[in-house]
Amino acid sequence: MNKKIISDISRHPLIFIILMALGLRVITWYNTCIVNPDAIVYISQAKAIYYHQYSAILGTLSFFSIYSLCIALLFPLFSNWIVTAVFISICFGILTLIPLYFFVREYMEERYALLTILIISTIPVFVSRSVDIIKDPMYWFFLAMALSLSVRRLTGKQRGWAVLPLIFILFFLASIVRVEASVFFLVTLVFMVVCTKRLKTLLWLAIPLGIVLIFYLGDIKLFGISINKFCRFDYILTFVSGLPCKYRELRANIASLASHQDLTMRFFLLDARRDIWLIGLEKFFNSFLEGVAYLPGIICMVGIASLTRLNRDKKIIYCLILMASGFGLLYFYTLYTWILSYRYVILFIIPASVFMGLGLKKCSIYMKQRWGVSEIKTLTVLLAVILLVTLAKDFKPRRTNKIIYKKAGMLIALHKKNSQWVVVASNQRNQGLRLISFYANLNYPGVYGRGAKKLETIDGSSLQKLSSLLNKKNVNYYILTLPRQGDQKMLKKLLAAHLCIMSWETANKGMSYLIKWAPMYKSEGTNNQSQYEQWGKDEKILAAVGS
């Protein structure tokens, strides 16, 4: 019997979708030239946990992340921080497809559910973020599991009161990983109580919540860190209370800016001030459509439009409320920060995936009734177009313009001992400085102080002043960034006294120079050409750096 079950599972189409999604993510990882900036803080926290530097856990990240904890726990398995972190992201990104399939399957026939999961598995934002070193794939999995169980509970397929605490635990884990997921728990709690009309439901869900509140109010600590740094209740309170102030402040700033402009710009800004709410709406839908590569988003809207009336199907109403709450949260977040990355929109995409499947079904029915096109032809054409667009984006190399930072950091790492922390400074604070320092110190056993102190930008009006500052900060490498047509006097002085091991062109057509800052002031009449060749011209080193 067990062999038969295993055989049936192995032949299920979902398995082939998962294997295809895995291959796609491996290819995307191969095409990713450098880690995402968030990797720096998560890996730094993981190293602090692994090397028991508990006082430094909140050094580069203001809250405790389960993702960092998982990296620290699995690091001995791979002995590579980047590989460990990416492995965790890919695993949770792939596993999310399983509960998401069962969630979607509650609303439609199996073939439409499978096609929906196939589309979701290839959507660029899901693929790219599944290979980035970020916490999001973990919350996708826990949230999809919680929603799947919640729907089955609403339809009576998942009986027994024990499932309610399990639903809470899954929502709670999702909320710990990314606090925005807590909005779905509140929606589910209220909806279940209203639908079942039983206070017992509220009791079973409220007991675990009460335990969490006791830990929170009691200021319980783990690793010497307050439980609030796990739950981040303060973030929620700050967001809710600060939104009206942020909105009024934005309107006041636009009005102040308009008063100093010419007549055309003044009228434009005053209209923009009045229509801030509409601009936020446009930003959300633009992020949603771009995140899902447009056509799946349009199909999702078709699925929503196919609901000509709200019937008494609790599942549909529940999904619509989830979408509305996700949209509301992201919309207000946009008005608060005016930053809405594609990965944030996944909070809306997860419940919206139901309507992608319903949209596919509506399109196939319409094409058959209108022109007599068979269902299989309609779905094949739609799927082919979607995959053509999404896969083209998935196979595209990522962050190629930043690979120079990886090369610079790894070149430094090749010429240092693992037990040594390399201090890198620059006359400009930018993302490249952080990435170079990250790769240079990737194998350092732990974190150095609070981490961020190493990335101070240092400038000086003279070589003597600059030398004094760099020596005081124990700087090992200095990055000097200058405009192409800027003053080259400082550069000439530095190159006369220190070794430039690498240079590259910046985005604004300037030049950056990576200078080894060491007690190796050369005497007049000598040069560092042999040392420069040893650093920059060695084919073996460059081959290792580029790998």
Side-chain angles (χ1 to χ4, degrees), residues 33-40 257 260-261 265 338-339 397-413 415 422-441 451-522 524 526-529 531-537 541-542 545-546:
C33 299
I34 190 171
V35 297
N36 53 301
D38 288 344
I40 300 171
L257 182 63
H260 298 86
Q261 305 297 323
M265 281 298 297
W338 290 99
I339 299 173
R398 306 168 65 219
R399 306 190 189 104
T400 54
N401 61 325
K402 297 179 181 179
I403 194 172
I404 188 66
Y405 304 139
K406 177 181 178 181
K407 289 184 176 182
M410 293 184 69
L411 184 58
I412 293 172
H415 286 264
V422 175
V423 182
V424 184
S426 172
N427 68 324
Q428 291 185 7
R429 180 177 289 278
N430 53 44
Q431 197 178 91
L433 173 61
R434 299 177 68 233
L435 289 168
I436 290 173
S437 179
F438 169 75
Y439 277 103
N441 296 290
K453 290 184 178 179
K454 308 294 93 38
L455 305 178
E456 294 181 44
T457 56
I458 300 175
D459 198 2
S461 57
S462 67
L463 181 58
Q464 289 182 345
K465 183 178 179 180
L466 180 62
S467 298
S468 176
L469 286 170
L470 295 180
N471 292 332
K472 182 179 179 181
K473 298 289 184 178
N474 297 318
V475 170
N476 304 108
Y477 293 87
Y478 180 65
I479 303 171
L480 179 66
T481 301
L482 296 172
R484 186 175 290 276
Q485 303 301 326
D487 187 5
Q488 304 293 313
K489 292 182 181 179
M490 177 64 78
L491 175 63
K492 291 179 181 178
K493 291 180 180 180
L494 286 174
L495 295 185
H498 297 277
L499 180 66
C500 177
I501 61 174
M502 182 178 285
S503 64
W504 62 89
E505 186 174 310
T506 62
N508 58 359
K509 303 302 181 182
M511 289 295 295
S512 290
Y513 302 88
L514 179 61
I515 298 169
K516 179 173 171 51
W517 197 267
M520 50 160 288
Y521 293 90
K522 68 173 191 176
E524 290 189 29
T526 62
N527 62 66
N528 287 321
Q529 183 61 35
Q531 294 188 52
Y532 180 80
E533 290 178 354
Q534 178 184 349
W535 278 82
K537 302 296 185 180
I541 291 178
L542 291 179
V545 170

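From a predicted model like this one, the values you see are computed outputs, not experimental measurements.
Taking both residues in full, the closest heavy atoms of Ala440 and Ala413 are given as O-CB, 3.8 Å, listed atom of the first, atom of the second, then distance. Shown here for Val422 and Asn441, the closest heavy-atom pair between the two residues is N-OD1, 2.6 Å.
Interatomic distance, Ile436 CD1 to Ile404 CD1, rounded to the nearest 0.5 Å: 8.0 Å. Here Ile40 contributes atom CD1 and Ser437 contributes atom OG; the two are 8.0 Å apart, rounded to the nearest 0.5 Å. Distance check: Lys516 NZ to Leu411 CG gives 10.5 Å after rounding to the nearest 0.5 Å. Between atom OG of residue Ser468 and atom NZ of residue Lys473 there is a gap of 11.0 Å, rounded to the nearest 0.5 Å. Once rounded to the nearest 0.5 Å, the distance linking OG of Ser426 with CZ of Arg434 reads 13.5 Å. From Thr481, atom OG1 reaches atom CG of Leu433 across 9.0 Å, with rounding to the nearest 0.5 Å.
For Asp38, the side chain to side chain donor-acceptor pair (under 3.5 Å) test picks out Arg343, with sequence neighbours left out. For Thr400, the side chain to side chain donor-acceptor pair (under 3.5 Å) test picks out no residue, with sequence neighbours left out. The side chain to side chain contact (heavy atoms under 4.5 Å, CB included) check on Ile34 picks up Arg399, Lys402, Tyr405, Lys406, Leu435, Tyr439, with sequence neighbours excluded. In terms of the side chain to side chain donor-acceptor pair (under 3.5 Å) criterion, residue partners of Glu505 (sequence neighbours excluded) are, by chain and number, Arg484.
Each of Ile515, Leu470, Leu514 was compared with Tyr477 under the side-chain contact (heavy atoms from CB on, under 4.5 Å) criterion, and only Leu514 meets it.
Ser512 places no side-chain N or O within donor-acceptor distance of the main-chain N or O of Trp504, the cut-off being under 3.5 Å.
Relative ring orientation between Trp517 and Tyr478 is described as perpendicular, the plane-to-plane angle rising above 60° on a 0-90° scale split at 30° and 60°.
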